[in-house]
Protein chains: 2
Amino acid sequence: MNANARDTNQGAASDAEQRQELTREGSSPTFSPLYQQIKALITQSLQTGEWRPGEIIPSEIELASRFKVSQGTVRKAIDDLAAENLLVRRQGRGTFVATHHEDLVQFRFLRLVPDSGEQEHPPSRLIECRRLRAPAEIARQLNLRAGDSVILIRRALDFSDAPTVLDEIWLPGVLFRGLTAERLNDYKGPMYGLFETEFGTRMIRAVEKIRAVAADEAIADLLKVPVGFPLLNVERVSYTYGDRPVEVRRGWYVTTRHYYENELS
Amino acid sequence: MNANARDTNQGAASDAEQRQELTREGSSPTFSPLYQQIKALITQSLQTGEWRPGEIIPSEIELASRFKVSQGTVRKAIDDLAAENLLVRRQGRGTFVATHHEDLVQFRFLRLVPDSGEQEHPPSRLIECRRLRAPAEIARQLNLRAGDSVILIRRALDFSDAPTVLDEIWLPGVLFRGLTAERLNDYKGPMYGLFETEFGTRMIRAVEKIRAVAADEAIADLLKVPVGFPLLNVERVSYTYGDRPVEVRRGWYVTTRHYYENELS
DNA sequence: GAGTGGTCTAGACCACAGC
DNA sequence: CTGTGGTCTAGACCACTCT
């Protein structure tokens with residue numbers, strides 16, 4: 001439904017368009033529930049930036065009248081989007097666009113936990129940040145052409161002053177034009193917060209492939225462990241709206257005083 | 001609410017009891033929504049075995065009249081339980097109790113994936129199965145007293161004929177009375193299926209702590225890798241109804257041709 | 001008190017599976 | 001055709017937050 005290129009139009013005018021696209025029940029072949037269509041419309045407004053991370057979105061009643069459906073249908077759409085962590089409901093206050101400027105969200109994407117004690121925000125130490133042509137493997141994972149411009153960031157995370165994580169972060173050059181070492185160093189807060197606020201790219205979900213590997217010389221040196229030391233190797237691909245891959249991240253974790261936590265449910 | 005010891009009573013008689021326990025809205029302090037109370041009642045029926053894994057549960061309309069609430073309220077309760085993977089909805093057929101005798105469920109608990117190709121069901125090779133007194137650490141994790149009877153199972157999983165996983169599985173002796181090497185060997189199907197069918201203990205969720213470690217001599221021998229080889233070490237605690245821990249599992253994975261897959265969302 | 005999300009109800013109709 | 005879950009509506013009332 002409604003795969004038009006709507007770009008940046010928003011407000012009452014575009015709502016009228018949207019309304020006309022809605023197909024009610026009863027059109028049996030290729031049937032799509034109303035609330036799914038509402039979900040798509042809301043997602044579009046998130047994607048185009050009509051409502052930005054951290055901001056409040058219109059109330060259920062307002063959205064219901066805008067889309068010409070009942071409040072219950074809007075409610076179901078929002079429930080789904082909240083379950084997908086795109087929106088956050090706050091009783092008595094309203095519904096907000098999820099943002100990476102929040103502890104809970106950050107720890108969804110940083111699963112390394114100290115053996116004893118609570119989660120912490122390890123300081124990030126930048127090693128390098130430069131543009132280059134995408135190697136074939138990275139290009140494939142980011143859905144780019146080999147040779148397209150990409151940005152490579154290398155950094156270390158120091159938990160309790162001990163280097164614990166080494167990250168190699170690959171980003172599409174086009175989306176992150178203007179990202180420099182200074183911008184990274186000056187920014188206070190989580191990197192995904194920077195990406196969402198300064199570059200309009202929000203990471204929604206990610207898939208990680210985890211292995212145990214032996215430290216090679218370069219990595220051992222940076223992590224201050226012996227060559228051959230067992231490390232957790234985490235390869236992450238992150239996706240934004242529409243399941244478009246926008247980050248490849250390769251991490252090496254020292255797991256002597258930390259562990260990677262995962263819940264199966 | 002309703003923390004009575006109901007044990008095995010079921011049917012119309014117990015429903016009457018249940019009904020009387022329900023508190024409607026408006027009792028402001030310690031307010032609990034009706035659908036939460038319905039959730040708890042349904043969970044009880046799962047726990048006591050009124051409806052067993054794989055079986056169909058009564059229709060929404062039937063449950064609504066049994067609990068004297070509207071169908072919508074039952075629906076919300078079931079929606080929640082389905083989201084928690086305790087129930088499975090099948091349109092046009094009914095709602096069923098989730099079971100481990102299903103591929104999809106099994107792969108929720110086995111996250112090791114071959115580099116190329118689809119998920120497979122690796123054959124399990126039993127190494128030993130014996131009863132002993134719980135070491136302090138295991139007792140703590142299983143909420144037992146040190147010295148209580150526990151069962152220790154050790155086994156290997158052979159992916160494509162190469163030993164890939166070594167597991168050390170600790171279970172409370174009381175719950176798994178009668179579990180022997182023969183029972184394990186004779187049983188066709190997933191181990192959690194055996195546990196749920198033969199011992200009435202259903203694993204609902206689990207938490208894993210993952211590290212990279214070097215293979216010691218004993219493990220290296222069994223996995224046919226050199227001593228010191230980097231392995232994924234996975235420590236799992238599994239929980240049944242009421243978040244009671246009922247299994248500790250320590251695994252060592254060879255990740256040269258497989259990886260542990262995890263989705264962050 | 002006003003506004004928001006959260007709960008609960010009753011009823012209508014649709015899509016799907018199985019007889 | 002019947003019964004199941006799935007969608008949608010309209011309306012009432014409650015709990016929470018902020019002014």
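None of these values were measured; they are calculated from a predicted model. The sequence lines fix the lettering, A, B, ..., with proteins before strands; numbering per chain opens at 1.
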Please tell me if [X] has a side-chain N or O lying less than 4.0 Å from either OP1 or OP2 of [N].
| X | N | value |
| --- | --- | --- |
| A:Thr73 | D:dT9 | yes |
| A:Lys76 | D:dT7 | yes |
| B:Ser70 | C:dA10 | no |
| A:Thr95 | C:dT4 | no |

Side chain of [X]: nearest nucleotide among [options]?
| X | options | value |
| --- | --- | --- |
| A:Pro33 | D:dT7, D:dA15, D:dG6 | D:dT7 |
| B:Glu60 | D:dC8, C:dC8, D:dG5 | D:dG5 |
| A:Ser59 | C:dG5, D:dA15, D:dC8 | C:dG5 |

What integer distance in Å separates [X]:[atom1] from [N]:[atom2]?
| X | N | atom1 | atom2 | answer |
| --- | --- | --- | --- | --- |
| A:Ile56 | C:dG3 | CD1 | C1' | 10 Å |
| A:Arg90 | D:dC18 | CZ | C1' | 15 Å |
| B:Gln71 | D:dG5 | CD | C1' | 8 Å |
| A:Asp79 | D:dT7 | CG | C1' | 14 Å |
| B:Glu62 | D:dG3 | CD | P | 12 Å |
| A:Arg75 | D:dA10 | CZ | C1' | 14 Å |
| B:Phe96 | C:dG18 | CZ | C1' | 12 Å |
| B:Ile61 | D:dG3 | CD1 | P | 9 Å |

Can you list the steps and then say if B:Glu235 with B:Arg249 is a salt bridge (Lys or Arg N to Asp or Glu O under 4.0 Å)?
CA-CA 6 Å; B:Glu235 178 175 296; B:Arg249 184 179 288 211; over 6 Å; no
Side-chain donor-acceptor distances from residues 191-201 of chain A under 3.5 Å, at least two apart:
| unit_1 | atom_1 | unit_2 | atom_2 | d |
| --- | --- | --- | --- | --- |
| A:Tyr192 | OH | A:Arg236 | NH1 | 3.0 |
| A:Tyr192 | OH | A:Ser238 | OG | 3.2 |
| A:Tyr192 | OH | A:Glu247 | OE1 | 2.3 |
| A:Tyr192 | OH | A:Glu247 | OE2 | 3.4 |
| A:Glu196 | OE1 | A:His100 | N | 3.1 |
| A:Glu196 | OE1 | A:Arg202 | NH1 | 3.3 |
| A:Glu196 | OE2 | A:Thr99 | OG1 | 2.4 |
| A:Glu196 | OE2 | A:His100 | N | 3.4 |
| A:Thr197 | OG1 | A:His101 | NE2 | 2.7 |
| A:Thr197 | OG1 | A:Gly193 | O | 2.9 |
| A:Glu198 | OE1 | A:Arg183 | NH2 | 3.1 |

Above 12 or not: heavy atoms from other molecules or residues under 6.0 Å from CZ of A:Arg90?
yes
Which comes earlier along DNA chain D counting from the 5' end, the contact point of A:Arg93 or that of A:Tyr35, where each point is its nearest nucleotide?
A:Tyr35
Presence of salt bridge, A:Glu60 and A:Arg75, under 4.0 angstrom
yes
Taking atom types as modelled, is there a side-chain donor on B:Tyr260 or A:Glu208 under 3.5 Å from an acceptor on the other?
no
